[in-house]
Amino acid sequence: MSDSILRLHAAVLTARSRDPAFSRTAKLLSEGMPKMAKKLAEEAVELGLEAVQGDRQRAILESADLIYNLVVLWSEIGIAPDDVWREIDRREQLYGIAEKLPKSRAADRARRIRPEAIVVAVTED
């Protein structure tokens with residue numbers, strides 16, 4: 001899986017130099033961070049809805065879309081997959097592989113995000 005994400009990340013970086021008229025990735029990158037964040041949020045919502053409805057196959061498809069949009073966003077802000085893998089490894093050492101950060105750290109991080117700054121609209125593209 002991580003090899004696939006590394007290849008996807010490399011392909012997204014390459015797409016930066018492509019013509020947005022012929023590359024959906026180049027078009028998304030050219031539309032800027034707000035569009036990338038919106039697409040990531042849309043895919044997360046769509047995945048959640050498919051999961052609630054119990055549609056396994058659609059959830060798989062939406063998961064792939066979510067990962068693609070996550071990698072596009074990472075590329076824009078200079079995050080490489082290895083940066084995320086290191087954080088996952090660090091958390092595994094501290095809390096175990098299937099655990100999240102303790103609530104106090106998550107709450108601190110959440111306070112840094114202004115809820116009024118988050119706008120999500122689900123559209124058909």
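Fair warning: this is a prediction, and the values are worked out from it, not measured in the lab.
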Cluster check Val45, Val52: I/L/V/M/F/W/Y, side chain < 4.5 angstrom: no
Look up atom [atom1] in [X] and atom [atom2] in [Y], then write down how far apart they are to the nearest 0.5 Å.
{"X": "Leu61", "Y": "Asp55", "atom1": "CG", "atom2": "CG", "value": "8.5 Å"}
{"X": "Ile88", "Y": "Asp82", "atom1": "CD1", "atom2": "CG", "value": "11.0 Å"}
{"X": "Trp85", "Y": "Ile5", "atom1": "CH2", "atom2": "CD1", "value": "4.0 Å"}
{"X": "Leu47", "Y": "Ser63", "atom1": "CG", "atom2": "OG", "value": "4.0 Å"}
{"X": "Ile67", "Y": "Glu43", "atom1": "CD1", "atom2": "CD", "value": "11.0 Å"}
{"X": "Gln93", "Y": "Arg90", "atom1": "CD", "atom2": "CZ", "value": "9.0 Å"}

Please identify each residue that fulfils side chain to side chain contact (heavy atoms under 4.5 Å, CB included) with [X], with sequence neighbours left out.
{"X": "Arg7", "result": "Asp3, Ser4"}
{"X": "Leu70", "result": "Leu40, Trp74"}
{"X": "Ala44", "result": "Leu66"}

[X]: salt bridge (Lys or Arg N to Asp or Glu O under 4.0 Å) partners, not counting sequence neighbours:
{"X": "Arg58", "value": "Glu50, Glu62"}
{"X": "Glu92", "value": "none"}
{"X": "Arg86", "value": "Asp83"}

What's the verdict on side chain to side chain contact (heavy atoms under 4.5 Å, CB included) for Glu42 and Asp65, showing C-alpha distance, side-chain angles and the deciding distance? CA-CA 10 Å; Glu42 287 173 9; Asp65 290 345; over 6 Å; no
Considering only NZ, NE, NH1 and NH2 on the basic side and carboxylate oxygens on the acidic side, decide whether Glu76 and Arg16 come within less than 4.0 Å. yes
Report yes or no: does Ser23 contribute a side-chain atom to a donor-acceptor pair with the main-chain N or O of Asp19 at less than 3.5 Å? no
Sub-4.5 Å side-chain heavy-atom contact between Leu29 and Met36: yes
